[in-house]
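To keep things clear, I will list the structure first and then write my remarks on it.
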Protein chains: 2
Amino acid sequence: MAAKRGGARSNRSQRPGQPPRPAGEPPLSRQRIVATAVELLDAQGIDGLTMRRLADHLGSGVMSLYWHVDSKEDVFDLALDAVLEYRGSPQEPQSEDWRGEIVHILEDWRASMLSHSWSASLLPRRALGPNILSRLELLGKALSRAGVADADINAAIWSLWNYVMGATITRASFDLSDDDRAAAQQRLTRLSERYATIERSRLLLDDDWDGAFRKGLGFLLDGLAPG
Amino acid sequence: MAAKRGGARSNRSQRPGQPPRPAGEPPLSRQRIVATAVELLDAQGIDGLTMRRLADHLGSGVMSLYWHVDSKEDVFDLALDAVLEYRGSPQEPQSEDWRGEIVHILEDWRASMLSHSWSASLLPRRALGPNILSRLELLGKALSRAGVADADINAAIWSLWNYVMGATITRASFDLSDDDRAAAQQRLTRLSERYATIERSRLLLDDDWDGAFRKGLGFLLDGLAPG
DNA sequence: ACGCGACTCGTACGGCGTGCGAGTCATCCT
DNA sequence: AGGATGACTCGCACGCCGTACGAGTCGCGT
C-alpha cells in the first residue's frame with residue numbers, strides 16, 4: 001500500500017506482438033533506467049543524479065520513471081548492485097592457491113568500486129543486493145578451502161569485507177583532493193611537534209594506494225591463515 | 001573570493017565589554033552552531049539536518065548562520081571533527097602492552113563513531129580534521145613502539161584505519177535494519193544452492209558485532225606484528 | 001463497442017541551500 | 001560631535017529538488 005505498486009515491476013517484453021516503436025527512443029524499462037543512472041553517476045557523481053536529469057537523458061517525462069522504480073533510493077540500490085556484478089574467471093579454477101584467489105576476488109571488488117567511485121560512498125547505507133552476496137559466498141568458499149575453521153569463517157569474511165570497504169572508501173574520497181593532500185601534509189609539517197610520527201612517515205603524501213592495499217591485505221591474510 | 005569570507009571566522013569573544021544580551025539566547029557562534037548540529041544529527045540522522053531547522057533550534061534567522069560557517073558542507077565537516085575528538089587516558093601509559101594500547105585506541109574510535117552513527121557514513125567524503133590526525137599520530141607512535149619497521153608504518157596505519165572504517169561503517173548501516181537482516185537470511189535459505197556457504201555460517205544473522213570486531217582486529221594485528 | 005490494464009506525463013506542492021542587499025549597533029577616527 | 005567602518009543579523013527570492021495526483025494514450029480480450 002505504501003507505493004502505488006510494490007516491488008516486482010519488470011513484466012518487460014511479455015508484450016506479445018512487437019509494438020512498432022516510432023523510431024526515437026526504445027521503450028522505458030528498468031534496465032534502461034539503471035544503465036542510464038550509472039552513466040550519469042559515473043559522469044557527474046552522486047549529486048549529479050536527479051530524477052529530472054535522468055528523465056532527460058532517457059527522453060521521457062520525469063514521472064514516467066516512477067512506473068518502473070519506486071523512488072530515487074530504489075535507483076541508487078539498483079545502480080549499485082548493477083555495478084558490483086562479479087565477472088570472475090569463467091572456469092572455476094578451484095586451484096590450491098587459495099591465497100591468490102582471495103586476493104584476486106578482493107582486488108577485483110575494489111577495482112569495480114573504484115571505477116565507479118560513487119559506489120564506495122553509496123554502499124554503506126544500502127542493503128545487500130544479490131551481486132554482493134555472490135561475492136561474499138565466493139569469499140566464504142575460498143576461506144573454507146584455505147582451512148579457516150568454521151567458527152572463524154564469519155569473522156574472517158567480515159574482516160576482509162571491512163578491510164576492502166575501508167580501503168576503497170578511503171581511496172575514493174582522497175582521490176579527489178590531490179593538492180589538498182599536499183596542503184594537509186604541509187599543515188602537518190608546520191605543527192610537527194603534535195604530529196611528529198605521521199609527518200616523518202609522510203603518511204599523507206604516500207600515494208601508492210594499490211601497493212598499500214596489497215601490503216595490508218597481506219598482513220591480514222597472514223593473520224587469518226598463518227603458515 | 002569564492003565565499004563572502006574565506007576560512008578564519010571565530011573572532012569570538014574578543015568583544016571588549018560585555019554586550020548586555022537581553023536574556024533569550026546566547027549569541028550565535030561557531031561552537032554553538034556545531035553543538036546544535038551534532039544534537040540534530042544524533043536525533044534525526046543525516047537528513048534531519050537542514051539549515052532551516054538548525055536556525056530554528058538556535059533561535060536565529062537562517063541566513064545568520066552563514067556569517068559563521070561557509071556552507072552546509074562546512075557544518076558537516078565541523079560536526080564530524082567535533083565528534084571525533086579523542087579523550088584518551090590522560091597520563092600517557094607508555095606501557096609495553098602496545099597491543100592492548102592499539103586495541104584501545106581503535107575500539108574507542110569505533111565507539112565514538114557508533115555513538116553518532118551518522119558520522120560513519122559522513123566520514124568517507126570529508127577531509128581529515130585535526131582530531132582525526134591526532135588519532136592517526138597516536139596510532140603511528142604505538143605501532144612504532146611495537147616494532148613495526150619504518151617502511152611498513154604507513155601500510156600498517158592505513159590497514160588499521162581501513163579495518164576500523166569498514167567495520168564501523170558496516171555496523172552502523174546494518175544496525176538500522178534488524179529484521180531486514182532476518183529477511184535477507186531467509187532469502188539466502190531459499191536460494192541455498194547459490195549461497196550455500198554463507199547460508200550455513202549464518203553470516204547475516206550473527207550479531208556479535210563487538211566480538212567480530214575484536215576477533216578480526218586480532219587477526220590483523222597478528223599479521224602486522226607477529227610474535 | 002467497451003472496459004481494462006499497462007504505461008506516460010504535466011502540474012503542483014512543499015522543502016531545500018544560499019545569493020543578495022538592507023538593517024542594527026558598537027567601535028574608532030577625525 | 002559626526003561620520004565611517006566593520007561585525008553581525010535576517011527577510012526575500014531564486015532555482016532546484018523528490019514525488020503525489022490524476023488525466024491521458026493505446027493495444028488487447030471480450
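Chain letters run A, B, ... following the sequence lines, proteins first, then strands; residues in each count from 1.
In this structure, the CH2 atom of B:Trp67 is 18 Å from the C1' atom of D:dG11, given to the nearest Å. Distance CG (A:Leu58) to P (C:dC9): 11 Å, rounded to an integer number of Å. Between the CG atom of A:Leu40 and the P atom of D:dC17 there is a distance of 11 Å, given to the nearest Å. For A:Leu54 and C:dT8, the CG to P distance is 13 Å, given to the nearest whole Å. The separation between A:Leu65 atom CG and C:dA6 atom C1' is 16 Å, rounded to whole Å. The separation between A:Ile33 atom CD1 and C:dC9 atom C1' is 13 Å, rounded to whole Å. The CG atom of A:Asp70 sits 12 Å away from the C1' atom of D:dT19 (whole-angstrom rounding). Rounded to whole angstrom, the span from the CG atom of A:Asp56 across to the P atom of C:dC9 amounts to 12 Å.
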Does the protein touch nucleotides 10-17 of chain C at the base, only the backbone, or not at all? Give it as B, S and - per nucleotide, heavy atoms under 4.0 Å.
BB----BB
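A:Asp206 and B:Trp158 are not linked by any side-chain donor-acceptor pair at a separation below 3.5 angstrom, with hydrogens and angles left out of the test.
Distance alone, capped at 3.5 Å, places no donor-acceptor pair between the A:Gln44 side chain and the A:Leu49 backbone. In terms of modelled atom types and a separation under 3.5 Å, the side chain of A:Asn154 and the main chain of B:Ser201 share a donor-acceptor contact. Judged by distance alone, with hydrogens and angles left aside, the side-chain atoms of B:Ser119 form a donor-acceptor pair with the main-chain N or O of B:His116 at under 3.5 Å.
Of the candidates D:dC10, C:dT8, D:dA7, the closest approach to any side-chain atom of B:Ser64 belongs to D:dC10.
Applying the 4.0 Å criterion to OP1 and OP2 of D:dT9, one finds that B:His68 has a side-chain N or O inside that range.
By the salt bridge (charged side-chain N to carboxylate O under 4.0 Å, His left out) test, B:Asp81 is found to be paired with no residue, residues two or more places apart in sequence or in another chain being considered.
Residue pairs meeting the salt bridge (Lys or Arg N to Asp or Glu O under 4.0 Å) criterion with at least one partner in residues 103-122 of chain A, sequence neighbours excluded, are A:Glu107-A:Arg214, A:Asp108-A:Arg135, A:Arg110-A:Asp210.
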